[in-house]
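Everything below concerns the one structure shown next.
Count residues from 1 along the sequence. We count ligands from 1, going down the list as the structure has it; atoms in each ligand are counted the same way.
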Amino acid sequence: MIDLKPYNTFGVSVKTPHLITVESKKALIEALRLHPNALILGKGSNILFTKDLQQPVIVIANQGITTENWENNLVKVTAAAGESWDDLVQYALSLDLCGLENLSLIPSSVGAAPIQNIGAYGVEQNQFFESCLALDCSNLTWVQFSKEECQFGYRNSFFKNEGKGRFIIWEVSYVLPSKAAELNITYAPLKNYFEEHPEIQPTPKKIAELVIAIRKSKLPDPSKLGNAGSFFKNPVIEEELALQLRREFSDLPTYPASDGVKVAAGWLIEKAGFKGYFNGDAGVHEKQALVLVNKGGASGKEIANLSVQIQKKVFDQFRIRLEPEVTIL
Ligand SMILES: Cc1cc2nc3c(=O)[nH]c(=O)nc-3n(C[C@H](O)[C@H](O)[C@H](O)COP(=O)(O)OP(=O)(O)OC[C@H]3O[C@@H](n4cnc5c(N)ncnc54)[C@H](O)[C@@H]3O)c2cc1C
């Protein structure tokens, strides 16, 4: 039996009967022929294991990034699914390409980025996504997905819905501007910084540097404190409930969303009294209530139980259901 502790950023210890690391298409297909029910894993930064697995694990570890000139000052960058997302961001920055800088330091693999359509600081990966190549596990054939076919939404895509468990993403292509035309500094701390320092021009590299500093100051480093980033999605509620809640809680942070009103889940959890709360080694980060953490010895079950406790209290207090962003197994 193999311990998956080094393979998940929560650092929980569960066992799998078999672990295969694949670096080539051939190895992936062979592994799937032998283990058709295997669990696919990237960097393990969005998963909470609550019990030992009966099935083997396939870790996607193919490597490589290529570029080709696209039209109108655009460059197509194609990265293997097993590459670290932040290495892709840094690579794009080294070529003076822009777009991905706001997504610096997310501990994702490239292959998992389209699955939950990773996003941060006003940008989502789908804004620059061009296509991805995936293996259809139902017949072991390769399929190219266009942006439309991926049906991206807030922390959502085709791969979390109809395509769930059927496709393994093998490489992903982004089309990035080679001129700093698309810089996004709408996120308040970025905006404030450039307003306070008019002598400093926003550039992709400067934005990346600021994003990294903000992330380091707010989010726990998984190598020191186990976590999977935001545990819950920010819920989208109906306008009527938002109006009622704003009357009760004038400081409720809300944002317009296409299908209602988005509420900051971290605020709800903090107001429900969980910020900094610990039960044994499972707890809620003291600086960011949206992040559940493992001080070292917590089991996945203990973290999952805490998440249910939070969901219940938030529902009782605000009539809002929090939905996990993390995959709980
Ligand atoms: C400190 C920290 C900060 C974070 N910040 C952010 C953030 O700002 N924004 C954000 O969106 N997310 C954030 N996350 C969450 C996480 O990094 C992302 O969800 C990321 O995309 C998960 O990638 P992974 O490779 O670790 O996926 P894993 O956790 O390994 O897998 C996640 C899911 O995808 C499946 N999967 C993985 N790879 C593939 C593949 N190649 N093909 C098919 N299925 C696959 C797995 O089976 C699993 O169901 C953060 C996490 C941490 C720990």
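- Looking only at protein heavy atoms, the nearest one to atom 33 (C) of ligand 1 is T327 OG1, 4.3 Å.
- Of the heavy atoms in S108, both backbone and side-chain atoms come closer than 4.0 Å to ligand 1.
- A donor-acceptor distance shorter than 3.5 angstrom exists from the side chain of K313 to the backbone of A272, with no hydrogens or angles considered.
- For the pair E302 (side chain) and G300 (backbone), a donor-acceptor distance under 3.5 Å is absent.
- Side chain of T16 to backbone of Q55: a donor-acceptor contact under 3.5 angstrom is found.
- Distance alone, capped at 3.5 Å, is enough to place a donor-acceptor pair between the N294 side chain and the F10 backbone.
- Using a 4.0 Å cutoff on heavy atoms, E124 does not count as a contact of ligand 1.
- Both the backbone and the side chain of I118 come within 4.0 Å of ligand 1, judged by heavy-atom distances.
- Y255 has its ring centre no less than 6.0 Å from the ring centre of W267.
- Using a 4.0 Å cut-off between heavy atoms, I106 contacts ligand 1 through its side chain alone, with no backbone atom that close.
- When atom types are taken as modelled, the side chain of N102 and the backbone of Y121 share a donor-acceptor pair closer than 3.5 angstrom.
- When the heavy atoms of A120, G119, A113, A38 are ranked by distance to atom 10 (C) of ligand 1, first place goes to G119.
- At a 3.5 angstrom cut-off on N or O pairs, S45 counts as close to ligand 1.
- Residue G42 has at least one nitrogen or oxygen atom sitting less than 3.5 Å from a nitrogen or oxygen atom of ligand 1, judged on distance alone.
- The closest protein non-hydrogen atom to atom 42 (N) of ligand 1 is I169 N, 2.9 Å.
- By the criterion of a heavy-atom distance under 4.0 Å, neither the backbone nor the side chain of D221 is placed next to ligand 1.
- Residue-level proximity to ligand 1 for I40 is carried by backbone and side chain together, each with a heavy atom below 4.0 angstrom.
- In terms of polar-atom proximity, defined here as any N/O pair under 3.5 Å, S109 does make such a contact with ligand 1.
- Using modelled atom types and a 3.5 Å distance limit, the side chains of E171 and T78 yield no donor-acceptor pair.
- Between K43 and ligand 1, at least one pair of N/O atoms sits closer than 3.5 Å.
- The option with the heavy atom closest to atom 27 (O) of ligand 1, from among G111, P220, A112, is A112.
- Contact annotation for W170 and ligand 1: no heavy atom of the residue comes within less than 4.0 Å of the ligand.
- Atoms of ligand 1 lying under 4.0 Å from any heavy atom of G229, numbered from 1 in the order shown and given with element: 2 (C), 3 (C), 4 (C), 50 (C), 51 (C), 52 (C), 53 (C).
- In summary, the side chains of T141 and D136 do not present any donor paired with an acceptor at a separation below 3.5 Å, with no hydrogens or angles considered.
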